[in-house]
Number of protein chains: 2
Amino acid sequence: MNLKELASRLGLSPTTVSRALNGYPEVNEATRERVMAAAKRHNYHPNTRAIRLATGRAMAVGHVIPIATRHEIVNPVFADFIAGAGETYSRNGYDMVLSVVPDDQEEATYRGLKSKGNVDGVIVHAPRMNDPRIALLHDIGLPFVVHGRATGAALPYSWLDVNNRRAFQRATEFLLDLGHSRIGLVNGLEFMDFAIRRRTGYVDALVARGIAPDPGLMASDEMTEIAGHRAARAMLALPQRPSAFLVASMISGMGVRRALEEVGLHMGRDISVIIHDDELSYMKNGEDVPIFTATRSSVRSAGRLTAEMLLDIIAHPGSAPQHRLLEAELIIGQSTGPAPKV
Amino acid sequence: MNLKELASRLGLSPTTVSRALNGYPEVNEATRERVMAAAKRHNYHPNTRAIRLATGRAMAVGHVIPIATRHEIVNPVFADFIAGAGETYSRNGYDMVLSVVPDDQEEATYRGLKSKGNVDGVIVHAPRMNDPRIALLHDIGLPFVVHGRATGAALPYSWLDVNNRRAFQRATEFLLDLGHSRIGLVNGLEFMDFAIRRRTGYVDALVARGIAPDPGLMASDEMTEIAGHRAARAMLALPQRPSAFLVASMISGMGVRRALEEVGLHMGRDISVIIHDDELSYMKNGEDVPIFTATRSSVRSAGRLTAEMLLDIIAHPGSAPQHRLLEAELIIGQSTGPAPKV
DNA sequence: AATCGCAATCAAACCGCTTTGGATGCCGAA
DNA sequence: TTCGGCATCCAAAGCGGTTTGATTGCGATT
């Protein structure tokens, strides 16, 4: 069943039927209802491919995921972000198209997406310092929103980010207030923009209290259980071990906890831990009382909001770049307590 | 730059240019090369929307992800499966379109995908017993492959699955051989097909050795850290506690390990644990020596293979359903050892 | 009665490609 | 010489919608 056939059954022209279904004003209400009813009765759905060609819009948004020929891994927050963004797209009749490509083909993929007209815009994931994608997308004229920020970008661009600096600053202050002065930072890889900001927040808080940051207490690695474990073990082996940890993710935090248990330290009593909690749906931080004290920000709702921003930008080309900075909550769980007297 | 313009620059008809670019034989080789060169020089990429309309093919595959209005959560293996499938699609010029929809709109989504012509086929995730999607997709005539199997399906369908029954049977036998006789099963939710099969494997192995399965040693819940912890705690509190655990996932396994440590049991010495390891990229099971003894099967390569199967089915409509059963490896890590003498 | 305005509808062009069904020119065979 | 066959190339008709630019009918205005 297509437009033409539906129109002929109704004794109307395709023009009128199209307009009736799309809510144009110049069609008699009685006619419109007749058309609507017939469309429903015959289970008519306009062919997306034809709409796309006719309107010149792709009605789709792209997400490009470069895969590890070298170091990076599929980001564990990715699934939840996508789920959030996908909700927004579904609600607005957009498709989400994912391109999983070797990272040396990332640029070609963006160019292809634009010139072949597959999508109306893209969301940029996991920005790094001086991220080349921003200039690239500007260059090819493909609307985009960055999830996160890219320090060093020369051009203006739209972004949505969590205030990572502030979150880690507050968490550090919270630990300092509890009497901790040697605080270990188990950070993500510091070519990722958010990891840099987190370290800045941590360092700022220490410096503001007159504490010189100790390089031995700052680790930077992938946010895996293994890496978290390794970093914590190393710091626990120091002559002056930390009495608290600030950890970049739930998963790293589990590695840290394992390290603590191995050396016989009780989390929340002998040693404090704060993690950043992205509220991943499959990685809940406890049920009633959180296991970890955490800076918390839902990556899923970030996905929803980022997608909304992008759709708005697509709908209003030429509008000024948009920015949105979300604050993380600091929620108290069982993993923090006053620094033990020495 | 479009076909018509490229053609006119070349002094050729669109027909010939189209054929030249698509490798049709009825075009002079010299002409073809001239066309190819011009296409490259002008950075010509055919408009995907037009191709799709003209050929009637969507050149896209759909993945429908129902989101939790009730119980389910975004599947943690999902990201890796998608990454694998996406590789296959990219390599073959297909797009992957993800639909994230409230689960009461799942059926409508599949129907829409078909009637609006957005995709040429779909992959069905996380099949349950008597999964209604199979009959639905048969009904609307949308090619599909199931990742997993759906016990109770009346109609034939294509699937790719891991031999979950065998994997858990082997793991159980391995534990039995080590002298364990009380083995706790920390399973996933048993409306999921794979969870049922795993339990079957576990039970079969026990029965084969003349051991009656103890309902108190079989837990079924979401595969989260929290749930794994809860299940393990409950079993450890039994008058006759298990000396080994068989656990459905890496994440559950971390909860189990936490429970063990809380009650002062050393994993691998006092108590044995085997998990199922999907080889998620952000959840490595150790680096050199695996932390957990595990039944292992890469969900990422499953994604690749499932996608290949689907593309094959799309390319050969009317062919017989295809099946592929992958065997899991049993790899030995640090979490298993002989049952302690009582 | 002639004109105007407005509501409602339609024919046809168009989006950018593929594909069908010819054309055209040239060569070798009858 | 004539004609069939072959290699090349092309005009035009789709694909299934949207959108532009009329057209029609009718009550209201002059």
Side-chain angles (χ1 to χ4, degrees), chain A residues 1-36 38-39 42-60 93-95 112-120 315, chain B residues 1-36 38-39 42-60 93-95 112-120 315:
Chain A
M1 172 64 60
N2 57 20
L3 222 213
K4 201 188 294 183
E5 188 175 338
L6 183 65
S8 82
R9 277 181 202 253
L10 282 161
L12 288 169
S13 74
T15 308
T16 302
V17 175
S18 171
R19 288 185 163 148
L21 293 173
N22 290 308
Y24 281 69
E26 63 266 62
V27 42
N28 190 305
E29 274 311 314
T31 308
R32 187 192 307 281
E33 275 164 34
R34 205 158 62 87
V35 171
M36 296 286 224
H42 294 96
N43 193 31
Y44 168 71
H45 293 273
N47 183 301
T48 307
R49 298 191 288 264
I51 293 180
R52 286 176 172 159
L53 181 57
T55 61
R57 301 184 310 163
M59 294 305 288
Y94 273 73
D95 274 356
L113 245 28
K114 168 70 181 185
S115 60
K116 297 191 294 184
N118 293 30
V119 302
D120 296 319
Chain B
M1 174 60 61
N2 57 21
L3 222 215
K4 201 189 294 182
E5 189 174 339
L6 183 65
S8 81
R9 277 180 203 255
L10 282 161
L12 289 168
S13 74
T15 306
T16 303
V17 175
S18 171
R19 286 184 164 149
L21 293 172
N22 291 309
Y24 282 69
E26 61 266 63
V27 41
N28 188 306
E29 273 312 314
T31 308
R32 186 194 306 279
E33 274 165 34
R34 206 158 60 85
V35 170
M36 295 286 221
H42 293 96
N43 193 33
Y44 169 70
H45 293 273
N47 183 300
T48 308
R49 298 192 288 262
I51 294 180
R52 286 175 172 160
L53 181 57
T55 61
R57 301 184 310 165
M59 293 304 288
Y94 273 72
D95 275 354
L113 247 27
K114 169 68 181 187
S115 59
K116 298 191 295 184
N118 293 31
V119 301
D120 295 320

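Below, all heavy atoms of this structure are taken into account, side chains as well, without hydrogens, waters or symmetry copies. Each chain gets a letter, A, B and so on, in the order its sequence line appears, and its residues count up from 1.
B:Thr15 and B:Ser18 share no donor-acceptor pair across their side chains, judged by distance under 3.5 Å alone.
The CG-P distance, from B:Leu21 to C:dG16, rounds to 17 Å in whole Å. Taking atom CE of B:Met1 as the reference point, atom C1' of C:dC17 lies 15 Å away to the nearest angstrom. Taking atom CG of residue B:Asn22 and atom P of nucleotide C:dG16, one finds them 17 Å apart after rounding to whole Å. Computed from coordinates, the A:Arg49 CZ to C:dG16 C1' distance equals 15 Å when rounded to whole Å. Atom pair A:Arg32:CZ and C:dA7:C1' shows a separation of 13 Å (rounding to whole Å applied). Nucleotide C:dT9 holds its C1' atom 13 Å from the CG atom of A:Leu10, rounded to whole Å. For A:Glu33 and C:dA8, the CD to P distance is 13 Å, given to the nearest whole Å. One interatomic measurement links the two molecules: CD of B:Glu26 to P of C:dT24, which rounds to 19 Å at whole-angstrom precision.
Boundaries of the chain A contact region on DNA chain D are D:dG16 to D:dG21, first to last in 5' to 3' order (nucleotide atom under 4.0 Å from a heavy atom).
For B:Asn2 against B:Glu5, the heavy-atom pair with the smallest separation is OD1-N, 3.0 Å. Nearest heavy atom pair, residue B:Arg32 against residue B:Tyr24, reads NH2-O, 2.6 Å.
Between A:Thr55 and B:Ala54, the residue anchored closer to the 5' end of DNA chain D is B:Ala54, taking for each the nucleotide with the nearest heavy atom.
Under a 3.5 Å cut-off, the side chain of A:Thr55 and the backbone N or O of A:Ile51 do form a donor-acceptor pair. Under the 3.5 Å distance criterion, the side-chain polar atoms of B:Asp120 are matched with a main-chain donor or acceptor of B:Met59. One N or O on the side chain of B:Thr48 and one on the backbone of A:Lys116 form a donor-acceptor pair closer than 3.5 Å.
Checking the phosphate oxygens (OP1, OP2) of C:dT9, a side-chain nitrogen or oxygen of A:Thr31 falls inside 4.0 Å. For C:dA8, neither phosphate oxygen OP1 nor OP2 lies less than 4.0 angstrom from any side-chain nitrogen or oxygen of A:Tyr24. Taking side-chain N and O atoms only, A:Ser13 has a distance below 4.0 Å to OP1 or OP2 of C:dC10.
A:Thr15 comes within contact range of at least one nucleobase, with a heavy-atom separation under 4.0 Å. Contacts of B:Leu3 with the nucleic acid, taken as non-hydrogen atoms under 4.0 Å apart, include base atoms. Nucleic acid contact class of A:Leu53 (heavy atoms, under 4.0 Å, all strands): base.
Between A:Arg52 and A:Asp95 there is a salt bridge, since at least one side-chain N of the basic residue sits less than 4.0 Å from a carboxylate O of the acidic one.
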